[in-house]
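Everything on this sheet refers to the single structure shown next.
Worth saying up front: this structure is predicted, and the values here are computed from it rather than measured.
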Amino acid sequence: MTAAAAESPGRTTVSRRAVRRIAAEAAREVPGVAGAVDIDAEIHGETTLLDVRLPIRYPLPITRVVEACREHLFRRTSELTGLTVTAVDIAVAELSTKDVAVRRIR
């Protein structure tokens, strides 16, 4: 192994699509989030910005669910992608009164 190879171990990049999928799955982990979450991600170097369209179960408190989701997305997306999340913009896309089936992983 050369000295140059020892100094630069390589670089891992995470695609925009992967960040969107990871963040959408993380958002569904939050109690009160109902159905499909639509996420767009912008990646700039080692940072990302998330734009989220969130369905929420009615009659849960919207503000509480949105803030819990925002905090969770900051933490989980950073943990799973290695990127620093600089902003999470959330728009409530839907208030759902129907029960959503929970997906099981086998």
Side-chain angles (χ1 to χ4, degrees):
M1 175 165 28
T2 66
E7 291 175 12
S8 62
R11 177 183 159 116
T12 302
T13 58
V14 182
S15 73
R16 182 174 171 222
R17 180 178 178 204
V19 172
R20 288 184 2 227
R21 286 184 169 189
I22 288 168
E25 193 62 38
R28 284 190 289 271
E29 294 172 357
V30 177
V33 173
V37 179
D38 182 31
I39 296 191
D40 190 24
E42 292 180 25
I43 300 173
H44 304 282
E46 300 296 317
T47 64
T48 186
L49 169 115
L50 303 175
D51 186 25
V52 183
R53 292 182 41 83
L54 193 65
I56 296 178
R57 286 194 188 104
Y58 182 81
L60 294 175
I62 295 169
T63 305
R64 202 172 307 159
V65 174
V66 167
E67 287 304 317
C69 188
R70 180 176 284 117
E71 290 174 20
H72 191 67
L73 284 171
F74 269 109
R75 186 173 45 79
R76 285 294 281 163
T77 305
S78 290
E79 284 175 0
L80 296 172
T81 65
L83 299 171
T84 301
V85 179
T86 56
V88 177
D89 296 328
I90 297 178
V92 177
E94 174 186 347
L95 295 176
S96 177
T97 58
K98 56 188 168 191
D99 291 332
V100 177
V102 177
R103 294 183 350 187
R104 296 181 71 186
I105 299 173
R106 294 180 187 250

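Through side-chain heavy atoms spaced under 4.5 Å, either directly or across other Ile, Leu, Val, Met, Phe, Trp or Tyr residues, Leu80 is tied to Ile22.
In this structure, Leu83 and Ser78 approach most closely via the heavy-atom pair O-OG, 3.1 Å. Val37 approaches Ala24 most closely through the heavy-atom pair O-CB, 4.0 Å. Residues Val85 and Phe74 approach most closely at O-CE2, 3.2 Å, considering heavy atoms. Nearest heavy-atom pair, Arg57 versus Ala34, reported as atom, atom and distance to 0.1 Å: CG-CB, 3.5 Å.
By the 4.5 Å heavy-atom criterion applied to side chains, Val52 and Asp89 are not counted as neighbours. Between Leu50 and Ile90 there is no side-chain heavy-atom pair separated by less than 4.5 Å. Contact of the Leu95 side chain with the Ile62 side chain is registered, since non-hydrogen atoms from C-beta on lie closer than 4.5 Å.
Every residue two or more places apart in sequence or in another chain that forms a salt bridge (charged side-chain N to carboxylate O under 4.0 Å, His left out) with Arg11 is listed here: Glu46. With sequence neighbours left out, Val30 forms a side chain to side chain contact (heavy atoms under 4.5 Å, CB included) with Val33, Ala68, Cys69, His72. With sequence neighbours excluded, no residue forms a side-chain hydrogen bond (donor to acceptor under 3.5 Å, both in side chains) with Asp51. Scanning for side-chain hydrogen bond (donor to acceptor under 3.5 Å, both in side chains) contacts around Arg70 gives Glu67, with sequence neighbours left out. The side chain to side chain contact (heavy atoms under 4.5 Å, CB included) test applied to Thr47 returns His44, Thr84, Thr86, not counting sequence neighbours. Among residues two or more places apart in sequence or in another chain, the salt bridge (charged side-chain N to carboxylate O under 4.0 Å, His left out) test is passed with Arg21 by none. The side chain to side chain contact (heavy atoms under 4.5 Å, CB included) search around Glu94 returns Pro55, Ser96, not counting sequence neighbours. The salt bridge (charged side-chain N to carboxylate O under 4.0 Å, His left out) test applied to Arg64 returns no partner, not counting sequence neighbours. In terms of the side chain to side chain contact (heavy atoms under 4.5 Å, CB included) criterion, Ala36 has no residue partners (sequence neighbours excluded). Annotation: salt bridge (charged side-chain N to carboxylate O under 4.0 Å, His left out) contacts of Glu29 (sequence neighbours excluded): Arg76.
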Practice problem: Would you sort out whether Glu71 and Arg75 count as a salt bridge (charged side-chain N to carboxylate O under 4.0 Å, His left out), showing the intermediate values? | Solution: CA-CA 6 Å; Glu71 290 174 20; Arg75 186 173 45 79; over 6 Å; no

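Interatomic distance, Arg20 CZ to Ile43 CD1, rounded to the nearest 0.5 Å: 10.0 Å. Rounding to the nearest 0.5 angstrom, the gap separating the CG atom in Asp40 from the CD atom in Glu42 is 6.5 Å.
Linking Ile, Leu, Val, Met, Phe, Trp and Tyr residues whenever their side-chain heavy atoms come within less than 4.5 Å leaves Leu49 and Val66 in two separate clusters.
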